[in-house]
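Please read the structure below before turning to the comments.
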Amino acid sequence: MIIPACFSQPNSPSSSSRTSTQVPQNLVTCIYQTQLCNSLTYLTLSWFRTLSSHSLTIHATHTFSITITLKPSTFTFFKTGPGSKSIYLNRNRKISQKIKLFWDFAGAKFGHNMAEPDSCFYLAIWCNGKVEFFLGDLVMQFTKQKHHQNGDQILLSRREHVFGSMNYVSRGEFMGSKHEIEIECNGGVLRVKVDDEVRLVVKRLAWKFRGNEKIFMEGVEVEFYWDVLSWVVNGDNGNNNGHGVFVFQVGDAAVWPEMVGPEKRLMRKSLQGLTTEPSIVSLSPASSEVLQWAEESSDGGRSSCSSSTKSCGSNGGFSLLLYAWRRD
């Protein structure tokens with residue numbers, strides 16, 4: 001039993017025929033717990049990048065959804081300046097409440113092929129005369145428009161779709177400490193690196209296609225789960241596609257953002273025609289069995305926050321969920 005994502009040659013003849021400006025380079029979805037107009041809200045931010053486009057979708061279930069076009073990744077003469085938009089919230093037939101979004105991504109700095117900015121940007125949500133959500137480092141620039149108060153948001157989880165042939169790189173912040181994480185799959189062996197140091201090696205991956213282990217990041221205990229059954233099953237049926245699922249979890253953090261916008265379209269399109277068991281084909285963010293393990297091991301065992309009123313406390317926890325897509 002051979003896992004194609006670990007054994008196939010990265011430069012196959014079919015790779016050029018699949019090249020497209022709309023093929024995702026990176027897709028990141030984060031869920032924040034915050035207050036909007038005195039109501040507990042779970043806010044989902046999805047950053048999506050292809051060769052020809054770049055966008056951010058902000059979504060709160062049954063409340064509002066908006067997509068902001070960022071500057072395209074290759075055509076730098078198209079610039080998106082500071083912007084704003086007023087939105088009226090619709091909540092359970094209550095009187096509509098007004099919020100206002102402010103953003104500036106004109107000079108945002110991005111890592112190589114990354115959808116989420118590193119610096120030189122801001123995103124703010126204004127309600128009831130104060131800032132209730134703020135993301136970014138351009139505090140002074142935003143202060144010129146509005147009196148700035150730090151938003152009281154909590155990052156509950158981050159889900160990222162990464163693309164490669166044998167190496168998949170992401171980043172995460174665990175208990176206030178930022179780390180670069182690399183998943184390497186080569187020769188039937190899985191290696192997990194944190195800040196360029198190998199923290200875990202799993203051999204005979206074709207037989208150990210699911211599992212979990214504990215790793216440590218600067219003294220912080222992190223539960224690591226992996227599920228590469230999609231690679232195994234599709235490899236046995238001659239399909240070199242599919243995705244591996246990897247979870248890094250600290251504390252009570254099994255909160256998966258629901259899939260919306262470009263992420264939902266990516267999953268639906270990418271999974272068409274794949275030969276997998278039904279649980280993997282599902283668009284549910286917690287469909288993989290390894291995600292169910294992660295939920296059950298967390299305090300309370302919660303999954304997708306699909307409702308702005310659903311109880312999903314963080315208790316200081318955080319989860320990083322990686323979908324690793326093989327791309328020749």
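Note that the structure is a prediction, hence the values are computed from the model and not measured. In this chain, numbering begins with 1 at the start of the sequence shown.
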Report task. Can you tell me which residue pairs pass the salt bridge (charged side-chain N to carboxylate O under 4.0 Å, His left out) test with a partner in residues 27-48, sequence neighbours excluded? Result -> none

**Report entry** Neighbour count >12 (heavy atoms, 6.0 Å) for atom OH, Tyr88
**Finding:** no

Report task. Begin with the C-alpha distance, continue with both residues' side-chain angles, and end with the deciding distance and a verdict on side-chain contact (heavy atoms from CB on, under 4.5 Å) for Val28 and Leu45. Result -> CA-CA 8 Å; Val28 178; Leu45 272 62; over 6 Å; no

**Report entry** Short side-chain donor-acceptor distance under 3.5 Å, Ser170 and Glu160
**Finding:** yes

Query raised in the report: Does the cation-pi check pass for Arg49 over Phe110, that is, NZ or CZ under 6.0 Å from the six-membered ring centre and within 45° of its axis?
Result: yes

Query raised in the report: Between the main-chain N or O of Ala106 and the side-chain N or O of Asp104, is there a donor-acceptor pair closer than 3.5 Å?
Result: yes

Query raised in the report: Got Ile87 and Lys98 here, is their nearest side-chain heavy-atom distance under 4.5 Å?
Result: no

**Report entry** Exercise: identify the closest heavy-atom pair between Gly107 and Cys120
**Finding:** O-CB, 3.2 Å

Report task. With side-chain contact (heavy atoms from CB on, under 4.5 Å) as the test, would you mind laying out the steps for Ile125 and Val131 before giving the verdict? Result -> CA-CA 6 Å; Ile125 300 180; Val131 175; over 6 Å; no

Requested in this report: Verify, without hydrogens or angle tests, whether Thr41 (side chain) and Leu43 (backbone) share a donor-acceptor contact under 3.5 angstrom.
Outcome: no

Query raised in the report: How about Tyr32 and Tyr42: are their ring centres within less than 6.0 Å of each other?
Result: no

Query raised in the report: Quick one: salt bridge (charged side-chain N to carboxylate O under 4.0 Å, His left out) pairs with a partner in residues 161-172, sequence neighbours left out?
Result: Glu116-Arg171, Asp118-Arg171

Requested in this report: Test Phe48 against every option in Thr29, Leu27, Thr57 by the side chain to side chain contact (heavy atoms under 4.5 Å, CB included) rule and name the one that passes.
Outcome: Leu27

Query - Minimum-distance pair of heavy atoms, taken over all atoms of Glu132 and Leu36 - result: OE1-CA, 2.9 Å

Query raised in the report: Is a side-chain N or O of Asp137 found less than 3.5 angstrom from the main chain of Phe121, in a donor-acceptor match?
Result: yes

Query raised in the report: Short question: side chain of Asp227, backbone of Leu229 - any donor-acceptor pair under 3.5 Å?
Result: yes

Query raised in the report: Who passes ring pair (Phe, Tyr, Trp, His ring centres under 6.0 Å) against Phe64, sequence neighbours left out?
Result: none

Requested in this report: Assess whether side-chain contact (heavy atoms from CB on, under 4.5 Å) is satisfied between Leu322 and Ile183, documenting all intermediate values.
Outcome: CA-CA 10 Å; Leu322 300 181; Ile183 303 291; 4.2 Å; yes

Query - Interatomic distance, Arg199 atom CZ to Lys193 atom NZ [nearest 0.5 angstrom] - result: 12.0 Å

**Report entry** ILVMFWY cluster, Val162 and Val192 together (side-chain gap under 4.5 Å)
**Finding:** yes

Requested in this report: Verify side-chain contact (heavy atoms from CB on, under 4.5 Å) between Ile181 and Phe248, making sure each step is shown before the conclusion.
Outcome: CA-CA 10 Å; Ile181 296 171; Phe248 298 82; 3.5 Å; yes

Query raised in the report: So, Phe134 versus Trp126, ring centres under 6.0 angstrom or not?
Result: no

Query raised in the report: For Ile66, does its backbone N or O pair with a side-chain atom of His59 as donor and acceptor, under 3.5 Å?
Result: no

Query raised in the report: Just how far is it from atom NZ of Lys178 to atom CD of Glu180, taken to the nearest 0.5 Å?
Result: 13.0 Å

Report task. Give a yes or no on whether the ring-centroid distance for Phe318 and Phe174 is below 6.0 angstrom. Result -> yes

Query raised in the report: Are the aromatic ring centres of Phe224 and Trp226 under 6.0 angstrom apart?
Result: yes

